[in-house]
Amino acid sequence: MIEGLVMRSTGSWYEVQVGEDIIKCRTVGKLRLGTMKVTNPLAVGDRVAIEMEPNADTATIKEILDRTNYIIRQSPRKKHYLHILAANIEQAVLIVTIRQPKLKQGFIDRFILMTEPFDIPVHIFFNKGDVYINDDLATYEYLKDIYENIGYKCYLISAKEHKGFKQLETLIEGKTTLFSGQSGVGKSSIINGLAPDLDLKVGVISDYMGKGQHTTTFAEMFDLGKGTKIIDTPGIKTLSYNYLEVQDVAHNFREFFEASSDCKFPDCTHRNEPKCAVKERLQSGVFSELRYNNYLKIIDEVEEQNYWERNKS
Ligand SMILES: Nc1nc2c(ncn2[C@@H]2O[C@H](COP(=O)(O)OP(=O)(O)O)[C@@H](O)[C@H]2O)c(=O)[nH]1
Ligand SMILES: [Mg+2]
Ligand SMILES: [Zn+2]
């Protein structure tokens, strides 16, 4: 048995890196799925045990080795399924922009809900700095202040002018980093800026083909050498949660979770309960209104979705 790393998937085939080689692999039979329904039991970043097929340069994937972590979300296509974006990552770079397209309210908080259960560090890069005008820079400073206060570093970058790359280069050195963000924020442009040889297509909406029809797009790993690996992911349109309870959300808003030991009720949802430490810190200005409002929106959504699921006739 040979051990390898899943770099990408092209439908039924997987490209698995073994040493310097890429081996085309397929899966045979059912791989271990656990109890959840997942659209892709095998994800980019998975370590697998493979066996060469007789008289061929292709191989069969026999086993997925234990994951240190994974990034999971509700499948955008099948609402009762989960989709694994990537496995075994060391950090995430979340790319956002304030202009072109406008930053979607709550997107950063929704993304962080995927990384927080495994304490995966997230670095937030605000791209397209070249088109920001005065107000936008103030917005950037405002958001930077909120997120850095709770431990997520923020940076300004411009793929177009190749500005702000030094910090990003240093950050990704020798690590496996997931690159993610909404479509059109400049993920491919930034990855090209880091590794011009990859020559990724820019300005193509890779999530759609033809008239709004979804094609299956997968994350893809690139090995930049010296242990530096990056994973490009298809642009995220929306993030919903069919796998979370209200308490899961509460536990993964890290500053709220930290404060929650001072709430009167151990299962406080920080909505209307008396003597809520989160609301107190909100009133005294320690916690951000923006984070709190996004939190409320997410728990309402989760509660509603779970309610309908549980009361289906
Ligand atoms: N002004 C400006 N445009 C950018 C920048 N980075 C990317 N773009 C443009 O934004 C569009 C989407 O970029 P792309 O890299 O394909 O985004 P992706 O969908 O996240 O991979 C393209 O038209 C790019 O030329 C930037 O730093 N500044
Ligand atoms: Mg792209
Ligand atoms: Zn509370």
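- Annotation for P41 and D46: closest pair O-OD2, 4.1 Å, computed over non-hydrogen atoms.
- Figure legend: cation-pi geometry between R73 and F111 absent, as NZ or CZ is not positioned both under 6.0 Å from the six-membered ring centre and within 45° of its axis.
- Taking D145 as the reference, N149 meet the side-chain contact (heavy atoms from CB on, under 4.5 Å) condition, with sequence neighbours excluded.
- Applying the side-chain contact (heavy atoms from CB on, under 4.5 Å) criterion to T233, with sequence neighbours excluded, gives L85, L178, S180, K187, A219, I231.
- A donor and an acceptor atom, one from each side chain of Q305 and N242, are nowhere located under 3.5 Å apart.
- There is a side-chain donor-acceptor pair under 3.5 Å between E309 and H80.
- Side-chain rings of Y292 and F287 stay apart, their centers remaining 6.0 Å or farther from each other.
- Residues L156 and Y142 are members of one and the same hydrophobic cluster, defined by side-chain heavy-atom contacts under 4.5 angstrom among Ile, Leu, Val, Met, Phe, Trp and Tyr.
- Donor-acceptor pairing under 3.5 Å is recorded for the side chains of D223 and Q17.
- The six-membered or imidazole ring of Y70 lies near that of F118, with a centre-to-centre distance under 6.0 Å.
- Residue pairs meeting the salt bridge (charged side-chain N to carboxylate O under 4.0 Å, His left out) criterion with at least one partner in residues 292-301, sequence neighbours excluded, are R110-E301, R271-D300.
- For the residue pair T269/E273, the side-chain donor-acceptor check at 3.5 Å is satisfied.
- Under the 6.0 Å distance and 45° angle rule, K144 does not count as a cation-pi partner of Y140.
- Between Y295 and H270, the angle of the ring planes lies from 30° to 60°, which puts this pair in the tilted group.
- In the model, H123 has a side-chain atom that pairs as donor or acceptor with a side-chain atom of Q91 under 3.5 Å.
- Taken from CZ in R291 to CG in D109, the straight-line distance is 4.5 Å, to the nearest 0.5 Å.
- Between V16 and C25, the closest heavy-atom pair is CG2-SG, 3.6 Å.
- Using a cut-off of 4.0 Å between Lys/Arg side-chain N and Asp/Glu carboxylate O, K175 and E90 are scored as not salt-bridged.
- One side chain, N88 or T68, offers a donor N or O that lies under 3.5 Å from an acceptor on the other.
- A donor-acceptor contact closer than 3.5 angstrom is absent between the side chains of E51 and T60.
- Of the residues listed (L239, I120, I72), the one engaging M114 in a side chain to side chain contact (heavy atoms under 4.5 Å, CB included) is L239, and it is the only one.
- Applying the side chain to side chain contact (heavy atoms under 4.5 Å, CB included) test between I157 and each of I95, T97, N127 identifies N127 as the sole match.
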